[in-house]
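Excluded from the calculations below are hydrogen atoms, water molecules and symmetry mates; all remaining heavy atoms, backbone and side chain alike, are included. One-based numbering along the sequence shown. Whatever order the structure lists them in is the order used to number ligands and atoms, beginning at 1.
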Amino acid sequence: MGPKLWETPMNDTFLKACRSEKTDYTPIWIMRQAGRYLPEYQKVRGNVTFLELCKTPELCVEVTLQPIDILGVDAAILFSDILIPLEAMGTPLEFHEGRGPVFPEPIKNQADLDKLIIPDPDEHLGFVMETIRLLRKELNVPLIGFSGAPFTCATYLIEGGSSKVFWETKKMMFTAPDLFHNMMRKITDCTILYLKAQAKAGAQALQIFDSWAGVLAPCDFKIFALPYVQEIIRELQDTGVPIIYFANNGATFLEMSESSGADVLGLDWRINIGDAAKRVGKVALQGNLDPFSLLLPKDQLKTRIGNIIEDARNTHGHIFNLGHGIHQFTPPEQAIAAVEYVHELSGK
Ligand code: CP3
C-alpha cells in the first residue's frame, strides 16, 4: 500500500500541467500502467477473472497502486475498463483469453438499442465509485478516472468485440445513420452520468479514450464522433476537473480534437509533439513515446525521451506518456527506467 494522504504532501505536478501551469519538472504516467506486463498484476489476476477483478474494489485499489510504487509515476489511473459501463447498459460482456472482449449480442437495429438502459452510476456501477473513494484515501498522486469516447464504445457494441476493419460500424454509419446517431446519443448520455459520478466520487482528472477515432475520415469524425465528445466535455465543465481527450491515430484532425474543449490532448507517436504544439492554442499536450521504443537499449531510450522533452518545450503544459498503452510483454525495468529519465531530464 502507498503512503497515506496525511503522511506525504500531495504531488500535484500532473494537475498543474493539465491546467497549463508551470511545473518544476515534466510529470509522467503511462497508459495501461496497471496491467499484464507487471508480475505483481499477474499474481492478483491469477486468482480471478478480469471482470471479477474489475468488480472487486479492494483488488482494483491494489492493482491501481502497483505502478505508483513500482514505477514512481506522477498520476494514478483507476483500474477498470472502458467496456464496464457498456455491460451496465444491459449488454452481456465476456473476456476470452487471447481474443479480448466479446459482446455476444451486438447491436444490429433500433429494437436492440431500445433494450439498452442508461445506468445509474451509483446503483449499477457502484464498485467503480467505491474504488475511487478507497483510492483517494491511499494516494499521494492525483487519480485519473476515465471512459471510452462514444465512437470507440459504439464500435465494440456494433462489432461485438475488437475489430480491424470496422465493417459493421461503417456500414451502420453510412446505411443507417439515424440508428448510428441514436446509439451515440444513448452512449453519450450514459458517459456523461458516469464521468460526473467519477468526479463526485473523487477522480481528479478524467481521460476520454477514443482508441479508434483514427479509422474515420476527418469529415466523418466531424459529424459522427466529435459532437458527442464536445457535449460530454461541456457537461463536465462545472465539475472543475481537467479533461484529457486521447484520439488515437488522430494527428490529422488535431485542430478538431482541440475544438472538443479538452484541457489536455493526448497524442499518439505518429506526430512530433513540437509540430503538434504549433497547431494548437493554449491546451496541454500528453504523450507521446512509441510504446515499442521501450525495447530500445537504455542509452537510446534516454536520448528519445530527451528529444520529446526538448520538442515539447513550447507546449502549454506537457505530461509525458506513451503514444498508446504499454504492451503486455514490455520488461517492467524498461518502464521504470523511462520514468526515471523523464524526471531526470526535465529537472526533477
Ligand atoms: O492501467 C490502466 O490504464 C487502467 C486500466 C485500463 C484497462 N483498460 C485495463 C485492462 C484502461 C484505462 C483500459 C482502457 C481500455 N480498454 C481501452 C482504451 C485504451 C486503449 O488501449 O486504446 C480499450 C480499447 C479497452 C478495451 C479492452 N480491454 C480490450 C480491447 C482488451 C483486451 C485486449 C488487451 O489489450 O488486452 C481489454 C482487457 C484489459 N483491460 C486488460 C487490462 C489490464 C487485460 C485483461 C487481462 O488481465 O487479461
Side-chain angles (χ1 to χ4, degrees), residues 28-56 59-71 73 75-87 93-103 128 131-132 135 139 141 143-157 159-164 166 169 187 191 194-195 198 203 205-215 244-250 266-269 286-288 291 321-330 332 335:
I28 170 172
W29 69 279
I30 293 178
M31 287 189 274
R32 297 281 190 112
Q33 63 190 14
R36 286 167 299 185
Y37 73 105
L38 288 177
E40 292 82 354
Y41 170 84
Q42 300 276 16
K43 195 164 170 234
V44 175
R45 178 68 172 75
N47 304 317
V48 287
T49 66
F50 178 63
L51 281 175
E52 281 165 354
L53 172 51
C54 287
K55 292 174 188 176
T56 312
L59 295 181
C60 288
V61 168
E62 187 178 344
V63 296
T64 300
L65 295 177
Q66 285 172 350
I68 314 307
D69 298 337
I70 298 166
L71 307 182
V73 284
I77 182 158
L78 163 72
F79 189 85
S80 186
D81 197 272
I82 62 164
L83 306 178
I84 292 288
L86 304 183
E87 186 192 38
L93 168 63
E94 298 164 6
F95 276 87
H96 294 267
E97 279 324 311
R99 201 174 135 209
V102 176
F103 287 102
V128 175
T131 302
I132 293 173
L135 276 168
L139 284 165
V141 293
L143 176 62
I144 306 167
F146 70 90
S147 75
F151 175 74
T152 289
C153 292
T155 67
Y156 285 96
L157 289 180
E159 304 287 339
S162 301
S163 177
K164 284 205 170 77
F166 300 93
T169 305
I187 298 171
T191 306
Y194 183 51
L195 289 178
Q198 289 188 35
L206 294 167
Q207 173 150 327
I208 302 171
F209 285 92
D210 220 344
S211 306
W212 304 118
V215 305
I244 309 167
Y245 176 54
F246 172 62
N248 183 34
N249 217 341
L267 300 175
D268 63 77
W269 66 92
Q286 173 176 282
N288 67 342
N321 205 317
L322 303 181
H324 202 177
I326 187 167
H327 189 271
Q328 64 165 312
F329 299 125
T330 309

Legend entry - Atom indices of ligand 1 within 4.0 angstrom of S211 heavy atoms, with elements: 18 (C), 19 (C), 20 (C), 22 (O), 24 (C)

Legend entry - T152 (side chain) donor-acceptor with W212 (main chain) under 3.5 angstrom: yes

Legend entry - Minimum non-hydrogen distance to atom 16 (N) of ligand 1, winning option of T64, I30, D81, T155: D81

Inset, instruction - Output yes when the distance from some N or O of ligand 1 to some N or O of E97 is under 3.5 Å, and no in every other case. - result: no

Inset, instruction - For Q42, check side-chain hydrogen bond (donor to acceptor under 3.5 Å, both in side chains) against everything at least two apart and list the hits. - result: none

Inset, instruction - Please answer whether the main-chain N or O of H327 pairs with a side-chain N or O of T330 as donor and acceptor at a distance below 3.5 Å. - result: yes

Inset, instruction - Applying ring-ring contact (aromatic ring centres under 6.0 Å, His included), name anything that partners F246, two or more places apart in sequence or on another chain. - result: H324

Inset, instruction - Determine, using heavy atoms of A34 and all atoms of ligand 1, whether some pair is separated by less than 4.0 Å. - result: yes

Legend entry - D268 side-chain N/O to G250 backbone N/O, donor-acceptor pair under 3.5 Å: yes

Inset, instruction - Would you mind listing which atoms of ligand 1 come within a distance below 4.0 Å of any non-hydrogen atom of R45? - result: 46 (C), 47 (O), 48 (O)

Legend entry - From I144 atom CD1 to L135 atom CG, the distance as rounded to the nearest 0.5 Å: 12.0 Å

Inset, instruction - Check whether any side-chain N or O of N248 sits under 3.5 Å from a backbone N or O of S211 as a donor-acceptor pair, and report yes or no. - result: yes

Inset, instruction - Please could you name the atoms of ligand 1 that F95 approaches to less than 4.0 Å, counting only its heavy atoms? - result: 28 (N), 37 (C), 38 (C)

Legend entry - Non-hydrogen atom of L78 closer than 4.0 Å to ligand 1: yes

Legend entry - Backbone N/O of A75 and side chain of Q33: donor-acceptor pair under 3.5 Å: yes

Inset, instruction - Output yes when E97 and R45 qualify as a salt bridge under the 4.0 Å nitrogen-oxygen rule, no when they do not. - result: yes

Legend entry - ligand 1 contact on Q328 by region, counting heavy-atom pairs under 4.0 Å: neither

Legend entry - Contact with ligand 1 for S80, non-hydrogen, under 4.0 angstrom: yes

Inset, instruction - Could you list the atoms of ligand 1 found under 4.0 angstrom from a heavy atom of H324? - result: 20 (C), 21 (O), 22 (O)

Inset, instruction - Would you mind running through ligand 1 and noting each atom that sits below 4.0 Å from a heavy atom of Y41? - result: 43 (C), 45 (C), 46 (C), 47 (O)

Inset, instruction - Check if N248 has a non-hydrogen atom at a distance under 4.0 Å from any atom of ligand 1. - result: no

Inset, instruction - Could you list the atoms of ligand 1 found under 4.0 angstrom from a heavy atom of S162? - result: 30 (C)

Inset, instruction - Output the list of atoms in ligand 1 that are nearer than 4.0 Å to some heavy atom of P101, sorted by atom number. - result: 29 (C), 30 (C), 31 (C), 32 (C)

